[in-house]
Amino acid sequence: MRKNIVAGNWKMNTTLPEGIKLAEEVNAALAAATPKCDVIICVPFTHLASINNVIDKNKLGLGAENCADHKSGAYTGEVSAPMVASTGANYVILGHSERRQYYGETSETLREKVRLALDNSLTPIFCIGEVLEERENGTFFDVVKAQIEEGLFNLSAEEFGKIILAYEPVWAIGTGKTATDDQAQEMHAFIRKTIADKYGCEVADNTSILYGGSCKPSNAKELFAKPDVDGGLIGGAALQAESFMGIVNAF
Ligand code: 3PY
């Protein structure tokens, strides 16, 4: 079912005590608010179980930022989808551009991760987006379409209905540059059409498509006002309860 969602992506930030404090602050702010969107925090693996114990899961969802492409076994240092689920988390970010860029994640490994996430009742927040060169040379629609087709179109319509998408133009991540609300809308409408062409209009209309990339309290309202932008995946601004809540309250 299509929902408005604001999800924080803490990336590799905060020690465990700092992370618990931040989660408690967001939790307290939400207890006193009536948000018009679902709110989720995606946090480092090390923090999941502890944060799960201090938040009200009826008001604040919890997710990981990645999971392994294997269920278990001799994969030193990896954290599997069943392990993530056993902490109490319900979501997992998959295919963030930082993982595609720095850790060589391919559509093939992402398909495995999506399958394992779904098998373990984790909702994937699946990231797609073009780099600056692709924006400038005009191939950005093709790039994003290929990422969706290769990463997700092996799923049945029922399975696809469980996915949250996040469009994050890579040139807007950590750069302070944001896609304009019109650029975001243009891409989100294209993504929805791509889904409709494969799975039909009902599935496409029910898919939540978040915008990510330097989304902050000052630009969230304009972005979220666009008909195909269903919320945001928030980086830096999710690291302080006040700015994160500023974005939540943009709905
Ligand atoms: C950002 O806003 O920088 C992000 O990468 C969110 O995932």
Side-chain angles (χ1 to χ4, degrees), residues 4-14 19 22-23 26 37-45 47-48 60-67 84 89-103 105 110 113-114 117 122-132 134-135 140 143-144 147-148 151 163-181 183-185 187-188 191 208-224 226 229-251:
N4 291 330
I5 299 168
V6 171
N9 173 13
W10 289 8
K11 307 193 180 186
M12 197 174 72
N13 291 297
T14 73
L22 176 54
V26 173
C37 59
D38 284 5
V39 186
I40 302 164
I41 48 174
C42 297
V43 308
F45 291 132
H47 299 19
L48 285 168
L60 182 56
L62 181 63
E65 301 171 14
N66 181 31
C67 71
V84 169
N90 306 103
Y91 299 88
V92 60
I93 297 174
L94 293 176
H96 191 280
S97 63
E98 287 151 15
R99 297 221 48 95
R100 292 178 190 257
Q101 243 182 316
Y102 308 144
Y103 301 97
E105 286 196 356
L110 287 171
K113 292 183 183 207
V114 169
L122 295 170
T123 299
I125 302 177
F126 190 87
C127 302
I128 51 194
E130 79 283 2
V131 299
L132 184 59
E134 294 157 345
R135 171 60 55 174
F140 50 100
V143 167
V144 168
Q147 289 172 339
I148 299 171
I163 305 287
I164 298 169
L165 281 174
Y167 168 59
E168 300 206 314
V170 182
W171 47 271
I173 293 179
T175 58
K177 281 187 202 161
T178 318
T180 64
D181 43 1
Q183 282 173 320
Q185 169 56 27
M187 180 56 91
H188 283 226
I191 292 168
S208 296
I209 308 174
L210 315 185
Y211 171 79
S214 300
C215 184
K216 33 190 183 279
S218 57
N219 59 21
K221 221 179 182 61
E222 285 74 37
L223 285 162
F224 298 171
K226 291 294 178 185
V229 179
D230 305 311
L233 182 58
I234 316 301
L239 293 173
Q240 286 189 339
E242 197 183 334
S243 50
F244 188 58
M245 287 306 295
I247 297 172
V248 169
N249 291 327
F251 271 114

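Indexing begins at 1, ligand by ligand and atom by atom, following the structure's order. Note: hydrogens, waters and symmetry copies are ignored here, and every other heavy atom, side chains too, is used.
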Parallel, tilted or perpendicular: ring planes of Y211 versus H188, cut at 30 and 60 degrees:
tilted
Within the structure, is a non-hydrogen atom of S214 found at a distance of less than 4.0 Å from ligand 1?
yes
Residue part near ligand 1, for N9, under 4.0 Å between non-hydrogen atoms:
side chain
Between the side chains of W171 and E130, is a donor N or O closer than 3.5 angstrom to an acceptor N or O?
yes
Y91: partners by ring-ring contact (aromatic ring centres under 6.0 Å, His included), with sequence neighbours left out
none
Residue and atom name of the nearest protein heavy atom (relative to atom 2 (O) of ligand 1), distance in Å to one decimal
G235 N, 3.2 Å
Would you say G212 and ligand 1 have an N/O pair spaced under 3.5 Å apart?
no
Would the distance check show the side chain of R100 and the main-chain N or O of C127 forming a donor-acceptor pair, the cut-off being under 3.5 Å?
yes
Closest to atom 6 (C) of ligand 1 by heavy-atom distance, out of E65, E168, K11, E98, is E168
Is it true that a side-chain atom of N4 and a backbone atom of F224 form a donor plus acceptor pair closer than 3.5 Å?
no
